[in-house]
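Worksheet: the structure to be examined is printed underneath.
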Amino acid sequence: MLAAAIFAVMITAQYLLPKRGQSGVGPSPESRSNPRSQPPILVNSQGKKAATGPVATLSRNTKRNGRPEDDKIRAMTDDKVAELGAQGAVPLYSLEKLLQDPARAVKVRRKVVSRYECISQSNFSLEGSHLPHEGYDYAKVLGACCENVIGYMPLPVGVAGPLNVDGTRVFIPMATTEGALVASTNRGCTAINAGGGVVTALLADGMTRGPTVRFRDLQRASEAKAWLDSEHGYRSIEAAFNSTSRFGRLQSARSVIVGSELFIRFKSFTGDAMGMNMMSKGVEKALAAMVEGGFEDMHVTSLSGNYCTDKKSAGINWIEGRGKSISAQATIPGDVVRTALKTDVDTLVDLNRSKNLVGSAVAGSVGGFNAHAANIVTAIFIATGQDPAQNVASSSCLTTMTKVGEDLQISVYMPSIEVGTVGGGTILGPQQAMLDLMGVRGSKEDCPGGNAQKLARIVASGVLAGELSLCSALAAGSLVRSHMAHNRK
Ligand code: ADP
């Protein structure tokens with residue numbers, strides 16, 4: 001979340017927002033560096049070119065200096081406010097604060113964007129486009145989920161199931177535009193239910209944040225590591241970390257030294273939150289405790305030093321786990337494999353060995369020992385307000401299949417499912433409805449963390465169903481046929 005916040009600020013500051021006194025309309029970065037480049041072209045509300053060059057510059061400066069009072073702007077028509085926006089008198093990002101009406105701010109922003117030369121000179125009209133903007137609760141978005149909002153992106157949401165997960169039937173919501181994905185997962189659910197359902201095991205639950213800190217030299221970095229590894233040092237950072245949250249409970253702080261730099265991977269329980277914000281707060285305090293503990297010379301290069309590792313492929317998440325580590329298993333009767341999945345146990349076991357184990361090994365995969373875990377993970381993430389970028393580690397999965405008697409035993413091992421049921425996108429109404437569908441919305445008051453853990457178990461179970469069905473389709477040679485049926489009109 002911190003990384004996301006920093007990224008958002010960078011984007012906001014550098015790319016999306018017109019500089020003060022500029023409309024942001026006009027030349028590309030290349031032509032900006034050319035002193036002979038043409039002045040920006042402004043377009044007024046009628047879509048006609050407005051005055052450009054020195055005249056426009058003067059009028060913009062005048063507007064900026066003599067910008068009307070905020071309440072006067074609020075009383076203007078949307079078009080008039082948009083004109084001020086296009087002239088740079090009202091920054092694009094400030095519309096919500098200025099207008100004090102989030103829905104109106106979105107409407108006006110679409111008008112401002114439409115006046116930018118790159119849009120107005122094209123055949124595309126944002127205002128008249130299919131990107132919807134009405135009927136959305138923007139108040140929840142503001143300051144939490146998105147900036148510079150121009151609407152919302154509707155996606156189809158399907159359900160697979162109900163799937164029997166640890167003795168409870170649950171519908172799995174999937175937001176996707178990939179035809180056949182939900183149908184295929186649903187088929188997997190049917191086959192799994194016929195064998196009694198999925199059994200899951202939570203192996204670990206801890207989010208991580210790995211800052212990079214620098215010392216004078218290796219000797220000093222080693223002293224810091226020794227202190228961190230000592231009972232006294234660890235207790236000091238643990239107390240500091242835990243003081244920042246009702247839920248955060250530090251579990252470990254393993255570290256490595258590279259030259260003069262120390263990378264510390266803090267790991268903590270984060271209740272029902274996915275936990276990145278919680279981790280960032282706690283780690284900041286823990287590092288302050290290190291300084292107080294005798295390391296005043298420590299320089300914090302970055303609160304996130306990629307030793308976390310968040311949203312990047314990394315072996316450490318595969319080996320050590322991140323978020324929830326889950327194993328899930330189901331047994332499918334041999335006759336169900338034949339009737340529902342149109343293949344047989346021996347063929348499936350051989351296909352899984354060759355494709356998901358040997359094939360992935362040949363490809364040098366880290367955590368990619370599966371057919372399409374990312375498909376199910378990402379569809380559930382989008383439907384339930386998870387951070388879709390965390391599909392990188394969350395989709396790491398090892399799928400195994402064994403013949404037991406006449407039946408198929410299938411399992412998935414997923415060591416880094418990064419999910420939460422509070423915070424982030426889970427505060428939005430539609431996403432909450434999908435968490436409600438599975439009975440995992442919000443904070444589990446009697447047992448903090450219980451909702452997020454159950455969600456992770458459901459994600460792994462959905463992946464199990466997806467793996468079973470896709471591998472069966474490949475084994476039966478029906479993959480192309482079913483995609484043609486579900487993917488092509
Ligand atoms: P994240 O840490 O995943 O980025 P947020 O910081 O957005 O999430 O949300 C966590 C917030 O929710 C914290 O302020 C925390 O105190 C609050 N909270 C309420 N109930 C819970 C719970 N059961 N588990 C974790 N956090 C909770």
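Numbering of ligands and ligand atoms starts at 1, following listing order.
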Below 4.0 angstrom from a heavy atom of [X], which ligand 1 atoms are there? Numbered from 1 as shown, please.
{"X": "Met274", "value": "3 (O)"}
{"X": "Gly275", "value": "1 (P), 2 (O), 3 (O)"}
{"X": "Gly424", "value": "7 (O)"}
{"X": "Met276", "value": "1 (P), 2 (O), 3 (O), 4 (O)"}
{"X": "Gly423", "value": "7 (O), 9 (O)"}

Separation of Phe266 CZ from Thr208 OG1 (nearest 0.5 Å)
11.5 Å
Geometric N/O contact Ser443 with ligand 1, under 3.5 angstrom:
yes
Between Gly449 and ligand 1, is there a nitrogen or oxygen pair with a distance under 3.5 Å?
no
Aromatic ring pairing Phe263/Tyr307, orientation class (parallel under 30°, perpendicular over 60°, tilted between):
perpendicular
Out of Thr426, Asn277, Val419, Ile427, who gets a non-hydrogen atom closest to atom 5 (P) of ligand 1?
Asn277
Regarding [X] and [Y], is there a side-chain donor-to-acceptor distance under 3.5 Å anywhere?
{"X": "Ser365", "Y": "Ser360", "result": "no"}
{"X": "Thr200", "Y": "Asp166", "result": "yes"}
{"X": "Thr421", "Y": "Thr426", "result": "no"}

Any idea which part of Thr270 is under 4.0 Å from ligand 1, heavy-atom wise: side chain, backbone, both or neither?
backbone
Check Arg220 with Asp297, please: is the shortest side-chain N to carboxylate O separation under 4.0 Å?
yes
For the NZ atom on Lys107, are there more than 12 heavy atoms of other groups (residues, nucleotides or ligands in this structure) within a distance under 6.0 Å?
no
